[in-house]
Amino acid sequence: TFGLNRQSLQTSSPRMGASQASGESQETKCTTSTKDARLRDQPGLAFFAEAFAAGEDETHLQRGCEPGVTMIELAANGLEDKGEAEWPLWKDAWNEDTSAARGGALAFVPADAGNASACIYFVHGGGFEYGGPAEDGYDSLCSRLAKGSGQIVVCPDHPLSGETRPFKAPEILQALLRGLRWLVRFDPVSKERRTSSPEIVLAGDSAGATQAFSLLLLALSEEEELKKCVAGLALVSPWLDLTCGSHTYVSNAFAAEANTGDLAFRAHADENRAGFKGMALTYTGSADLLKDCLFSPYWLSREESNLLMRLQEWQIPTWICTGASETLAGEVLDFAQQLQNQIPLELWLHEGMFHDWVMYSTDHPFPSKDAAMQQLFDFLRSIRAGTWKPKGIQYYIDPWK
């Protein structure tokens, strides 16, 4: 249940039965042909459509640490500046063992990392309520990021919201901010205090991308120490609007007859909206905060604010990818369209792709996943080299013969 929680939002849709010998409607013939066409032209996407419709999402998450990448545990009680720069411990009311503490972080160190002056601080998704750095495929994604970029990736086990949990957005973001300060002050490999400032890219997927954006806004608003260290922002399938108002909740709703739309969220459009908004309300604790730019960054594009002025002033390189069939595609595209001339931005829209598609694996060709990861690697490497230039809104479509 990475990204936005699958268990609470998805409903499995029955796959279409075999064509009947007689009496079959023209509509049914057409939709069956649509499935056949996708299987012929995009077998990887067709494979996921069938698997997800059968409720097998979790089975196909890509898991495990990449060869050549070392995983290091950063304990919650190690070298730290207590209360200021640390990996906080927290108790999870959802665990059967309520006495067990969570916290700390995992560092993914590629063989060619060299010194730790360039790092990626990755916030995992999960609808603000699920996931962890070693769960739900995040060990794979973070280690792929480390290997592809040549940079150390640090993923914190931060506090989560949810019913019966006491944590809300302000407290969760402060915990993430303390972890970021730790990474600014301490080397994640040696765990010794740094002698020079690092360059850190803030990154995340889905709800974690929302929080990575919030961290950037906090750093630019309050943290002189952090401003000079933030080198970029990278967002995979971000959830930018916590009001859930985008029309792509409807236009990209999953259609079982042809296996089109957002494969990851297969409930009715209004059910998806209600589920997403419920998690957003639990996370923020107030309906009034669903349009607060700090927690719901889409609204930076709708009104002038001090936060937008700081983004315009600091010109942080920003990279985003989203699937053209995602439920969340509308808010991401509108955000980019409104702000692409105000902040340095590169948005990749991938034809036909569903929410967080880079998290999944298949033996079939899946070029859009490979392309999205390479685009992200290129961004991270060019940021480090100082050669990146904003590309605005870009479109990717699988090549055809």
Side-chain angles (χ1 to χ4, degrees), residues 1-17 27-61 125 127 205-207 236-241 244-277 279 320-335 347-360 362 364 366-369 372 395-398 400:
T1 55
F2 70 93
L4 295 166
N5 176 29
R6 299 294 183 270
Q7 294 176 350
S8 64
L9 295 180
Q10 71 190 24
T11 56
S12 297
S13 300
R15 280 178 285 179
M16 196 167 181
E27 179 182 1
T28 302
K29 288 180 181 178
C30 289
T31 53
T32 303
S33 296
T34 299
K35 286 186 178 182
D36 293 341
R38 173 151 283 174
L39 179 61
R40 179 192 67 228
D41 297 339
Q42 295 175 296
L45 189 55
F47 167 80
F48 287 122
E50 290 294 316
F52 286 21
E56 298 173 358
D57 312 43
E58 303 294 322
T59 304
H60 300 289
L61 279 171
D205 76 299
S206 192
V236 177
S237 290
W239 180 15
L240 297 181
D241 178 17
C244 310
S246 168
H247 301 304
T248 47
Y249 277 81
V250 177
S251 57
N252 282 351
F254 178 69
E257 295 81 3
N259 278 349
T260 54
D262 196 336
L263 310 179
F265 302 116
R266 299 182 297 280
H268 185 277
D270 287 342
E271 292 178 38
N272 279 335
R273 268 204 177 109
F276 292 8
K277 198 167 184 178
M279 287 189 291
I320 306 173
C321 73
T322 192
S325 292
E326 283 202 43
T327 298
L328 307 176
E331 64 202 54
V332 177
L333 277 169
D334 193 50
F335 175 87
L347 166 67
W348 283 94
L349 179 69
H350 280 246
E351 182 273 331
M353 291 303 112
F354 52 92
H355 185 69
D356 250 350
W357 74 99
V358 299
M359 298 286 290
Y360 293 94
T362 173
H364 297 280
F366 197 29
S368 187
K369 171 189 173 181
Y395 183 68
Y396 173 87
I397 187 168
D398 290 346
W400 60 89

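Residues: numbered from 1 along the sequence shown.
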| Which is it for Leu240 and Leu328 under the side chain to side chain contact (heavy atoms under 4.5 Å, CB included) test, yes or no, and what are the steps along the way? | CA-CA 8 Å; Leu240 297 181; Leu328 307 176; over 6 Å; no

| What residues, two or more places apart in sequence or in another chain, satisfy ring pair (Phe, Tyr, Trp, His ring centres under 6.0 Å) together with Tyr249? | Phe276

| task | Report the C-alpha separation of Phe265 and Phe354 in whole Å, then their side-chain angles, then the decisive distance to 0.1 Å, and conclude whether the ring-ring contact (aromatic ring centres under 6.0 Å, His included) test is met. | result | CA-CA 9 Å; Phe265 302 116; Phe354 52 92; 9.7 Å; no

| field | Any residue meeting side chain to side chain contact (heavy atoms under 4.5 Å, CB included) with Leu39, in chain and number order, not counting sequence neighbours | value | Ala46

| remark: Applying side chain to side chain donor-acceptor pair (under 3.5 Å) to Thr248 and not counting sequence neighbours gives Ser246

| Residue pair Phe48, Phe366: steps toward the ring-ring contact (aromatic ring centres under 6.0 Å, His included) verdict | CA-CA 10 Å; Phe48 287 122; Phe366 197 29; 5.0 Å; yes

| field | Under the side chain to side chain donor-acceptor pair (under 3.5 Å) test, residues paired with Asp241 that sit two or more places apart | value | Thr243, Trp299

| said: Does Ser206 form a side chain to side chain contact (heavy atoms under 4.5 Å, CB included) with His355? I'd like the steps, not just the answer. | reply: CA-CA 8 Å; Ser206 192; His355 185 69; 2.8 Å; yes

| field | Listed partners of His60 passing ring pair (Phe, Tyr, Trp, His ring centres under 6.0 Å), at least two apart | value | Phe47

| task | Looking only at non-hydrogen atoms, find the nearest pair between Cys321 and Trp357 and report the distance. | result | SG-CH2, 4.0 Å

| query | How many angstroms lie between atom CH2 of Trp239 and atom SG of Cys244, to the nearest 0.5 angstrom? | reply | 5.0 Å

| said: I'd like to check the side chain to side chain contact (heavy atoms under 4.5 Å, CB included) partners of Asp41; sequence neighbours left out, ordered by chain and number. | reply: none

| note | Minimal heavy-atom distance between Gly127 and Ala207, with the atoms involved, is N-CB, 3.7 Å

| field | Distance-minimising heavy-atom pair for Gly55 and Arg266 | value | CA-NH2, 4.1 Å

| remark: By side chain to side chain contact (heavy atoms under 4.5 Å, CB included), Leu333 pairs with (sequence neighbours left out) Leu347, Leu349, Ile393

| message | Measuring from atom CG of Asp262 to atom CZ of Phe52, what distance do you get when rounded to the nearest 0.5 angstrom? | response | 9.5 Å

| query | Does any N or O in the side chain of Lys35 come within less than 3.5 Å of the main-chain N or O of Asn259, such that one atom is a donor and the other an acceptor? | reply | no

| Partners of Phe335 by ring pair (Phe, Tyr, Trp, His ring centres under 6.0 Å), sequence neighbours excluded? | Phe213

| task | Work out which heavy atom in Gly323 is nearest to a heavy atom in Ala329; give both atom names and the distance. | result | O-CB, 3.4 Å

| field | Considering all heavy atoms, the nearest Ser237-Glu326 contact | value | OG-OE2, 2.6 Å

| query | For Asn252 and Thr327, does a side-chain donor sit closer than 3.5 Å to a side-chain acceptor? | reply | no

| request: Would you check, one step at a time, whether the test side chain to side chain contact (heavy atoms under 4.5 Å, CB included) holds for Ile320 with Trp348? | output: CA-CA 6 Å; Ile320 306 173; Trp348 283 94; over 6 Å; no

| request: Report the distance from atom CD1 of Ile397 to atom CE of Met353, rounding to the nearest 0.5 Å. | output: 9.5 Å

| field | Verdict with reasoning, Leu263 to Leu45, per side chain to side chain contact (heavy atoms under 4.5 Å, CB included) | value | CA-CA 10 Å; Leu263 310 179; Leu45 189 55; 4.1 Å; yes

| query | Which heavy atom of Asp205 sits nearest a heavy atom of Gly125, and at what distance? | reply | OD1-N, 2.9 Å

| Partners of Tyr396 by ring pair (Phe, Tyr, Trp, His ring centres under 6.0 Å), sequence neighbours excluded? | His350

| query | Is it the case that more than 12 heavy atoms not belonging to His247 sit under 6.0 Å from its NE2 atom? | reply | no

